[in-house]
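One structure is given here, and the rest of the page talks about it.
Chain letters run A, B, ... following the sequence lines, proteins first and then strands; every chain starts at 1. Note that the coordinates shown come from a computational prediction; the quantities given were computed from them, not determined experimentally.
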Number of protein chains: 2
Amino acid sequence: MTDQPDAPLTRIQQKNRDLILEGALTAFSTNGFRGATVDQIAEAAGLSKPNVLYYFASKDDIHKTLLTTLLDMWLAPMIRIDPQGDPLAEVLGYVRAKLELSRRFPRESRLFAYEILQGAPHLTEILGGSLRQIVDTAAAILGAWMDQGRLARVDPHHLIFSIWALTQHYADFDVQVRAVLGPGHDPFVEAEPFIESLYRKMLAV
Amino acid sequence: MTDQPDAPLTRIQQKNRDLILEGALTAFSTNGFRGATVDQIAEAAGLSKPNVLYYFASKDDIHKTLLTTLLDMWLAPMIRIDPQGDPLAEVLGYVRAKLELSRRFPRESRLFAYEILQGAPHLTEILGGSLRQIVDTAAAILGAWMDQGRLARVDPHHLIFSIWALTQHYADFDVQVRAVLGPGHDPFVEAEPFIESLYRKMLAV
DNA sequence: TCCTTTATTGACCAAATGGTCAGGAACACG
DNA sequence: CGTGTTCCTGACCATTTGGTCAATAAAGGA
């Protein structure tokens with residue numbers, strides 16, 4: 001499409017790339033990378049298959065673009081944990097933000113879930129690199145608060161894992177949760193006070 | 001292979017079906033249903049592709065067989081919760097059993113994760129049927145203990161979800177957990193005391 | 001041993017799928 | 001306008017893949 005690698009995008013390029021990524025998010029998060037077809041993506045985006053491949057070099061390229069783009073949104077709440085803030089309020093704020101992400105962006109959550117399940121072929125460097133650094137930083141903050149006796153002593157890393165597990169479960173396993181609860185339930189609405197009280201009890205000094 | 005629908009399996013049939021299911025478990029849990037190929041399964045089983053399809057009608061058939069076979073193992077610990085037992089001990093026993101399943105059978109855990117992510121096309125009746133009943137029964141036991149003041153009052157269904165989320169996370173997101181922790185860690189060994197203390201605090205009256 | 005049943009496979013097929021390409025349509029802009 | 005660039009598509013291709021089948025080999029039982 002363009003020979004200039006860093007040429008600014010035209011309006012049409014911007015719009016169509018967005019359409020494609022939006023359609024691909026739905027396709028990949030529903031069927032996984034292998035299960036989604038370029039035709040599906042094209043139809044979801046309202047474009048022809050060759051046109052999709054005019055804007056992206058390959059199916060793989062679309063997937064990689066999605067993943068790296070979304071990773072920032074996914075990690076943002078953890079970066080916002082403030083060492084100067086109130087420990088419990090900061091943790092609960094993070095929990096709430098993460099649950100809100102699961103509620104509002106379940107497709108993104110599932111996309112990551114598929115990727116990790118598959119062994120994270122596109123994310124290995126990131127997982128052990130920047131993600132690990134961000135987590136270590138957050139864990140250090142939590143650890144310091146525990147040292148100061150402002151939070152109950154628990155393993156900070158596993159505390160973070162537990163938050164991920166609990167919040168993402170409601171997005172990734174949505175069908176199971178809904179099937180078990182039956183109709184007339186809003187899993188996310190019920191989950192919030194449950195998870196909040198869980199961490200209040202766990203982290204109370 | 002056999003016209004008799006309920007004919008007992010010969011020794012060869014038994015062995016080869018087992019080989020196929022074993023190979024398929026690895027293939028499906030690594031790449032998902034769509035990502036796994038019959039050739040892969042055949043190679044993992046040490047059989048030829050036509051021979052695999054001699055023992056199972058289709059790839060789908062293999063998948064469904066695996067899923068339903070494994071569901072029992074997966075649900076067993078919840079059924080063993082004893083209304084006559086000590087409440088906290090019963091819950092912690094269930095948690096430990098579930099974590100042990102994740103540790104020993106991560107492929108099975110991932111197989112289910114893929115299935116649920118996909119919207120549980122093969123399990124919809126089961127999810128809203130027998131699974132729901134089993135969960136409701138367990139939730140009722142937990143609720144009764146809470147009524148008697150022997151466990152802290154929390155939403156029993158979400159308590160169960162939290163156990164699933166926390167324990168399965170270590171199997172399903174294994175690569176992520178290991179990448180973040182770095183080498184020299186055994187996630188499951190560290191997770192057990194963390195999760196146990198979590199539920200001790202949460203459920204203490 | 002002989003004969004029926006069960007196992008196994010190479011060769012093959014049709015459909016699906018990621019991707020290409022030449023050429024035409026739409027657009028931007030002097 | 002006109003012209004160069006960007007955008008778009010129908011037709012096409014090679015590969016992968018689930019599945020079939022006729023034919024052969026191996027068991028098994030009387």
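Rounded to whole angstrom, the span from the CD1 atom of Ile12(A) across to the C1' atom of dA26(C) amounts to 8 Å. Separating the CG atom of Asn31(A) from the C1' atom of dA16(C) is a distance of 14 Å, rounded to the nearest angstrom. The separation between Asn51(B) atom CG and dA27(D) atom P is 13 Å, rounded to whole Å. We find that OH of Tyr54(A) is positioned 17 Å from C1' of dG10(D), with the value rounded to whole Å. For Phe56(A) and dC7(D), the CZ to C1' distance is 15 Å, given to the nearest whole Å.
Cation-pi contact between Arg17(B) and Phe56(B): present, with separation from the ring centre below 6.0 Å and deviation from the ring axis of at most 45°.
The aromatic rings of Phe33(B) and Phe28(B) sit parallel, their planes meeting at an angle under 30°, below the 60° perpendicular limit. Under the 30°/60° scheme for interplanar angles, the aromatic rings of His169(A) and Phe173(A) are found to lie parallel.
Among the nucleotides dC8(D), dA7(C), dT6(D), the one closest to the side chain of Tyr55(B) is dA7(C). Among the nucleotides dT8(C), dA7(C), dG18(D), the one closest to any side-chain atom of Thr37(B) is dG18(D). Minimum atom distance to the side chain of Pro50(A) is reached by dA11(D), of the listed dA28(C), dA11(D), dG18(C). Residue Lys59(A) has its side chain nearest to dG18(C) when only dG19(D), dC8(D), dG18(C) are considered. Picking from dA7(C), dA28(C), dG19(C) the nucleotide with the shortest atom distance to the side chain of Lys49(A) gives dG19(C).
Tyr199(B) and Ser162(B) share a side-chain donor-acceptor pair at under 3.5 Å.
Between Lys15(B) and Arg34(B), the residue whose closest nucleotide on DNA chain C is further toward the 5' end is Lys15(B). Take the nearest nucleotide of DNA chain D for Leu53(B) and for Arg11(B): the residue whose nucleotide is more 5' is Leu53(B).
For Gln13(B), a side-chain nitrogen or oxygen approaches OP1 or OP2 of dA7(C) to under 4.0 Å.
The residue Ala42(A) sits apart from the nucleic acid: no heavy atom pair falls under 4.0 Å.
Residue Arg104(A) qualifies as open at atom CZ: its count of foreign heavy atoms under 6.0 Å is 12 or below.
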